[in-house]
Structures are given as C-alpha cells and as structure tokens.
Amino acid sequence: MLKFSRGIDQDRAATAGGLQQIAFARGAAAAAQPSRLPTLVATAATVAVLYLARDVFLPLAIAILLTFALAPLVSRLRRVGCPRSVAVIGTVTTAFLFLSAFGVVIAMQVSEVAQNLPTYQYNIVEKVRTLKETGSESQILERIGRVIERISTEISRPEPEMRASPEPAPEAKPLLVEIFSPQRPVETLKNIINPLLGPLATTGLVIVVVIFMLFEREELRDRFIRLVGYGDLHRTTEALQDAGARVGRYLLMQLVVNITYGIPLAIGLSLLGIPNAVLWGMLAIVLRFVPYIGPVIAAALPLFLAFAAAPGWSLLVWTAAMFIVLELLSNNVVEPWLYGSRTGLSPLAIIVAAIFWAWLWGPVGLVLSTPLTVCLVVLGRHVPQFEFLEILLGNEPVLDPKERLYQRLLAGDPDEATDNAEDMLEEKYLVEFYDTVAIPALLLAERDRARGALTNAQAAQIAQSANTLIANLEEIAGEEEGEEETGAEAQESDGDDDADEYDLPPGDGKSVLCVGGRSDLDDVTASMLAQTLWIQGADAAHAGHEVLKAGNIKALKLEGRNAVVLSVLDRDFMRHAKFTVRRLKRMAPAARVGIVLWQEDGRPGTTERDQLIESLQADFMVFGMGDAVREALSDELPRSLKLAHPKIAPGYAMRRSKRADRESTVKAD
C-alpha cells in the first residue's frame, strides 16, 4: 500500500508538472503571438490612400495587370530569338491597336443604335398598350395608374399658407434674357478635345508604363525582392511567381472564355435578326470580365432590343433561350475545361471584392476586381501578417476535415457532417475516413472534455450526433462490403511493392465484440470499429461502457467470440484497464482481449507498447483503425492469464494447508 500511494503521488506530481509546463507554454505562445492591430491600421491606411489617390494608382494598376497579361507573350517571343525591344514594342503596339479598334467599333455601333431607337418607338408603345389591355379586364393596371397619379398630384400640390393680414401684391420680376453668340472655331475645338483629353492622357500613360515594366521586368522584380523580402528570398520569389502565374492565367483564360461566348452570341443574334449583333457580342466579351453582374448587363441590352425591334413576342423568347443555352455551356463546359476555379477565390469573395473595388475606383475597379483580389490572396498566402486575407477571400478550406467534423458534431448537425463525409468517401474508403477524420475529431472532443471546456451535456450531444452519422453511413458500408472482393483483386493486380496501410484481412467466420472504455465518446469509437469489422465480413457487435461496471459485466455474452476489443480515447483508462482485461479473459478464456488506445500522433514505440501489453496482460494493444482490425481478426491464440500477485502465493498455500488440517481434525473428533 505504501508503494502504491507513493506511485500515485508521483503520478500526481508528474501530472501537475506537465500542466504547469503546458500553462507556461500557452502563456509563452500568447506572449509571442504578434498583435494584429498594426496590420489592421496599415490596411485601413492603405485603403484610404488608394481612395484619395485613385487618379494615380488606377493607371498603375491597369498597367501592372496588362504587364502580367503580356509578359508570357513577350517571354515566348524572346525564346524564339526575337530581340527584347522588338518583342516588347511589337506586343504592346499590337495589343493597344487591337483594343483601339475594338473601342472604335463599339463606339460606331452605339451611335448607330442611338439613331435607330426612334424607329422602335411604335413597337414599344404597341406592346405596352397590349399589356395594358390584357390587364384591363381585372382593372389592375388602371387602378395602379390612378393611385400613382393621385399620389403624385398630392405631392406636387403646394401647401396653403395661413395669412393673418392681406399682403401687397408681389412685385413683377424681370424676365431673364439669354444672349447667344456664335462660338469661335478654337472654342469649338476646345470643347471637343477637353472631354477626350483625360482618357487619352491616361491611355498614353498606361502604354508608357507597360512598355517600361516589360523592359525592366527582371530589374523591378529584383528591386521588389530587395525592398520587401531580402531576408526571405525563397518566399518572396515564390509569391511573385504565384501572383504572376495566377493573374496572367486568369486574364488569358477569361479572355478565351469571353471570346468563345461573344462570337457565338453575335452569330446567333444576327441569325435571329437582332440589329447590331456585332455590338452585343463585343460588349459581352468586355462585360463578362465583371463577375456575376457583367453577364446580366450583357444580356439585358439585347433582350430590350428584341422587345423593341419586333412587333411579336417570339423574338424575345428565342433571344432569352439563346442566352440561357450559352450561359449553361460556358459555365459548365468551357470554364471548367479551361481553368475551373484556379483563381483561388471563393464565390462570395468575388462578389464582395467587386463591391469593394467598384466603390474604390468606380467601373474600372469593377472590371479589375478579380485580378486585384487574386493578388491580395497571394499576399496573404505568403506573408504571415496578411494571412487573414487568404482566410477571408480564398477558396481553400480553413479548417482541417477533422476540425470541420468536430464543429458539426458539436453544433448538433449530423446531416451536414454526413454530407461532408460522403464527399470525402468518394475518394477514400470508410476505414480510412474513420481513422484519419472521425477518430481524430473525437480525440479533439476528448481533449476538450479533459480540460473542462466540454460539458457532459455537450459530450453526450456529440456522441448522439456521431452515432447518427454512423447510422447514415451504413448504406456506404454495405456497398463497400460488396466491393471488398473486387477491391482485393484489384490490389493484387496492381503490383505495388509498398504495403497498403488499409489492406485488411477478411473476417469471414470471426466473431468480435467491441466495447467502449469509459465514456459515450468511447462507445462511438467502438461502433466505428464494429462497422469496419462488419465490412470485412466478421460478425461484429458493439456495447457501451456501462456493461463494464461490476454489476453489468456478467451479462456480457462472450460465448463464441474470437476477440474482445476495448476502445478507449482517454489515456487515464490505462490505470483501470488491467482489472477489466483480467475479468474479460476469465469470462472468455478462448477469446483474444485487446485495447485500442486511439492516438493520432505521439504513439508509443514498440518497446513501450510491449511493456504496456505485459503489464496489462492483454493480448494486443494498438493505436489505429488498421492495426485494430488486423489484431481483432488475427488467428493467434490468446495468452494465458498469469497470477496477479505472485508474492502472496506462498501465504495463500499455507492458509490452505492449515484449513485442511482443521477440517481433518474435525472429522477425526
């Protein structure tokens, strides 16, 4: 008893020391974690500067994005032997000539549409009148019109003024006379040039900046690295390459997608008889650079023209149907085939970014919103201070699969947990999902319970949601049971030398009982192990931890069991495991009794594991799903149960001999 109490004191002291170390480490980590306040202040200051100095930064942003887009073409011309000056000037000149011709064609088409609008007035009036006559039977439109007219009359009526005494008549105001004088030719020319001076100057500035950036691209890269990332060349270089590749690929692929959308649109509108079909195709190419809103605007204008150009309704219906077909083909065939979601932005981030950049820089910012936001995501990916940008805007999951599953179980939402599990089970088997996702999620719950962050009610809710998840996955388990033989044949035909961690033995003819160790969470792990054994063909059953209590353990049906497996998440169970293992081995001497101590990391080595097995007198002890299934289905014989206290055996024999002597004396008397 003295040795036992000393051992307990030592364990308590070690536990207290470990808790102190953990607390000290958490305090040191909290102290070492930098404050986000300077980063937020710098971000707010940057946004203010971009807004106030948008006349300066907007041309620079356009020039930088055009440089990203034209740099691959310049590099390709350089690789085929073209001089740098010829490659740069030729590429920039060709690009801006194409853009200029594009703009001229659009301007001419817009002016033609403006001239033809009066010819569509009759069709518009007739259709409005038809709609009005259609609704006149129920008099809905007429009533709405009367209400609107009455409201506008009341609003425009002046309020009567209460006059205490008669006032003199107002004095007559002088009439305003405007004198028109013919303008001079110089003034007329100035009025024409002034509105064009700003856009032309901006365009010229952008062209010059693009040319110099393409000429000095390597020099600018080196200067940027020296300025912001000289201490970490690898990270800065990787960030620049990532940003350039993402933005350049996005701009190029988006241009290809828009062209493959705009050209068929122009051809289709022309065949339907929509006027100025070339204009609507070209506008669709430009407007589709605006996320989500651009395609709607590109479709609204031709639909209005179809409404106005023809007296009937068939042209409008055919035009709407063509837009729907082109959108479906573009979104579901062309875009996934070309680039999919390689921008790294979530759909919500694209919408929010469009709103932000439109507020910051107007319509041009709306067009540039996606590539500029891609640059911000790359910045957050490679610069720790701006990691929040990638978390907020990126499309990569911010939680590990185990953390997502734990969060859904904690929220009591097994349906979404099942949906996430089914998505993962499209690429992995159920045993792998349990071993790498579900069991680690329950380990997170057990750690929170051990440190007091998880109440008993929350732990029970997690266990209930997890049991619902297991029940929802029974259909998939049945499908995997049918695929087991085919999967084994496929693995044999593959000829892979590396052993598959989840290449499990068949369980035909084996009967296994899985029992939870000491909590509801342990019962869930026992259910998962039993379902995995059932997939392998074994007669597997599971029982809760309540059956291990002294009054219930005798009710366990262990006849014919080949193995009994204790499923445990908490290491503290090892203090009481020896007594439980001994009782189970006495009740089922022909069964192998083992323990699964679920551990994601920090698993004991072989020597320490063998010592634990020897001290517990268990037949096996494992730490993962694959090893648990192999040991439960193993053909090895169970080890014999040793005497629990060999030191007191001689005393026991002496007492037994004295008892026999007394019995013989009584019989003699």
Side-chain angles (χ1 to χ4, degrees), residues 58 61-76 91-92 94-96 98-103 105-106 206 210 214 241-267 278-301 323 325-358 361-378 393-395:
L58 186 56
I62 297 174
I64 292 173
L65 294 179
L66 288 177
T67 303
F68 279 134
L70 299 178
L73 184 58
V74 174
S75 300
R76 185 168 298 180
T91 302
V92 174
T94 303
F96 278 95
F98 176 78
L99 293 176
S100 300
F102 194 87
V105 173
I106 288 180
V206 170
V210 169
L214 290 174
Q241 291 179 347
D242 192 7
R246 284 178 179 269
V247 175
R249 187 192 308 116
Y250 165 76
L251 292 175
L252 179 60
M253 292 298 101
Q254 187 65 46
L255 179 61
V256 174
V257 171
N258 294 355
I259 290 176
T260 57
Y261 180 91
I263 293 178
L265 176 63
I267 295 174
V278 176
L279 172 63
W280 311 127
M282 298 176 72
L283 285 179
I285 294 175
V286 176
L287 291 173
R288 283 181 64 85
F289 278 101
V290 179
Y292 298 107
I293 306 173
V296 176
I297 300 175
L301 297 176
F323 272 103
V325 171
L326 286 177
E327 285 292 338
L328 292 176
L329 290 176
S330 178
N331 296 333
N332 298 303
V333 178
V334 180
E335 290 186 6
W337 176 53
L338 288 176
Y339 64 89
S341 58
R342 294 182 185 177
T343 57
L345 301 178
S346 65
L348 180 61
I350 293 176
I351 298 174
V352 174
I355 297 173
F356 171 77
W357 290 107
W361 287 346
V364 180
L366 186 63
V367 176
L368 303 179
S369 60
T370 300
L372 290 175
T373 310
V374 169
C375 295
L376 292 179
V377 171
V378 172
L393 304 175
N395 63 345

Minimum heavy-atom distance between [X] and [Y], given as atom pair plus value:
X      : Y      : value
Leu70  : Ala95  : CD2-CB, 4.1 Å
Leu372 : Ala61  : CD2-CB, 4.4 Å
Tyr261 : Arg288 : CD2-CD, 3.3 Å
Ile285 : Asn258 : O-ND2, 3.0 Å
Ser369 : Ala353 : CB-O, 3.8 Å
Ala298 : Ala284 : CB-CA, 3.8 Å

Compare all side-chain heavy atoms of Leu265 with those of Phe323 and state whether any distance is below 4.5 angstrom.
-> yes
Thr373 vs Phe356 side-chain heavy atoms within contact, under 4.5 Å
no
side-chain contact (heavy atoms from CB on, under 4.5 Å) partners of [X], counting only residues at least two apart:
X      : value
Pro264 : Leu326
Thr67  : Val210, Met213, Leu214
Thr94  : none

Test Phe289 against Leu368 for side-chain contact (heavy atoms from CB on, under 4.5 Å), laying out the working first. CA-CA 8 Å; Phe289 278 101; Leu368 303 179; over 6 Å; no
Here the gap from Ile355 atom CD1 to Ile350 atom CD1, rounded to the nearest 0.5 Å, amounts to 12.5 Å
To the nearest 0.5 Å, atom OG1 of Thr91 lies from atom CZ of Phe96 at 11.5 Å
